[in-house]
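Everything below concerns the one structure shown next.
Since this is a predicted model, take the numbers as computed values, not measurements. Start at 1 and go down the list; that is how both ligands and their atoms are numbered.
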Amino acid sequence: MTKGRPLPETRTTAPRSAPRVAVFGLGGTIAMTSTPGGGVAPALSADQVVAAVPGLAESGITVEVEDFRRVPGASLSFDDLAELTNAIHTRLAAGANGIVITQGTDTIEETAYLLDLAHTRPEPVVVTGAMRNPTLAGADGPANLLAAIHTAASQDTHGLGALVVFADEIHAAARVRKTHSTSTSTLVSPNGGPLGYIVEGRPRILNRPTGRTTIPITTEPRLVEVGLVTMVLGDTGMFLRAATSCDGLVVAGFGVGHVPDRVVDILTDLAAAMPVVLASRTGAGSVLAHTYAFPGSESDLLDRGLISAGFLDPLKARILLHRLLANGHDQASIRATFARAGGYTHTTPETGRADLLTQGSARA
Ligand code: ASP
């Protein structure tokens with residue numbers, strides 16, 4: 001305590017009004033209830049989902065609710081997400097301090113990254129859901145939603161883009177992955193860990209990413225098809241050959257970015273016809289650039305024109321490639337954007353290989 005003259009009683013600013021958070025319900029397990037034939041399906045309205053949250057009335061946060069979709073995560077589409085992006089923008093422009101999305105966890109790592117790419121404003125967009133539906137003991141939806149609302153209402157999460165809040169952890173949309181089919185701790189960030197935690201109802205940010213890539217949706221996005229083919233033992237290239245009608249392709253290679261030598265020629269032809277991004281199927285770590293030197297190694301594939309996904313996992317890489325192609329970016333721009341978004345800043349023109357990160361803020 002500092003001794004001295006008492007502070008004057010007069011207020012120089014108006015009292016801070018209650019933070020306003022807009023909650024969009026999209027469905028998912030958090031909004032599911034029993035069906036007459038057994039099992040659960042998304043049926044609860046966003047109002048019902050919010051009404052089930054204990055402690056919200058005492059939080060001092062004003063919550064506005066929008067029943068946006070009632071579908072399982074698997075049925076969400078790029079069109080749904082484009083419409084949601086517009087609706088988010090409208091709410092923020094009207095004065096909301098933050099946004100919460102409730103949805104199925106099955107696609108949360110993809111949708112959150114799509115929202116993150118489009119989000120150029122400082123207010124947080126927080127995505128959450130549940131692993132245990134509301135009919136089960138220990139349903140995790142209410143706790144996750146309350147934590148998400150606290151995170152969205154906080155000034156401390158400004159500038160972090162889209163976040164996924166789950167099991168009291170705060171994850172960057174660009175890093176989070178669903179790693180378990182049933183665990184309530186399914187969402188993890190293998191590269192770098194969570195950005196922070198919810199402690200006693202407050203978001204505590206411990207790590208801030210060094211940069212974000214944002215690519216707002218163009219007014220007239222192109223309809224594009226981006227494939228994802230995972231390399232498997234004994235791969236004969238059958239699924240790669242089937243990808244010729246795609247506009248772009250992500251290959252989830254073995255380890256640091258390897259494929260069997262027998263598919264190298266197919267990939268070379270594909271990379272001449274469309275952007276082909278090389279990611280790792282391992283789920284953590286980065287594709288390498290110049291360590292292995294056999295046919296089908298990462299250095300061989302990058303020399304043949306494939307684009308490194310860096311630290312982006314195959315699902316994130318597909319989302320980024322989809323946005324870039326839908327927005328009409330050319331090969332050079334796609335390559336440069338992947339170098340930044342993948343955690344690498346510099347791509348050597350001769351080889352197309354990415355050299356390790358020194359990036360700052362990245363806006364494509
Ligand atoms: N298991 C999923 C969920 O967490 C189902 C879905 O994605 O809708 O919501």
- Message: With heavy-atom distances below 4.5 Å as the criterion, would you say the side chains of R202 and D156 are in contact?
- Response: yes

- Item | Side chain to side chain, V226 and M274, heavy atoms closer than 4.5 Å | no

- Query: When D247 is tested against each of V224, L223, L321 for side-chain contact (heavy atoms from CB on, under 4.5 Å), which residue passes?
  - Reply: V224

- Item | side chain to side chain contact (heavy atoms under 4.5 Å, CB included) partners for D140, two or more places apart | A130, M131, R132, N144, F166, T184

- Item | Any residue meeting side chain to side chain contact (heavy atoms under 4.5 Å, CB included) with P134, in chain and number order, not counting sequence neighbours | L44

- Query: Applying a heavy-atom distance cut-off of 4.0 Å, which protein residues contact ligand 1?
  - Reply: G28, T29, M32, P72, G73, G104, T105, D106, A130

- Residues in ring pair (Phe, Tyr, Trp, His ring centres under 6.0 Å) with H322, at least two apart? F78

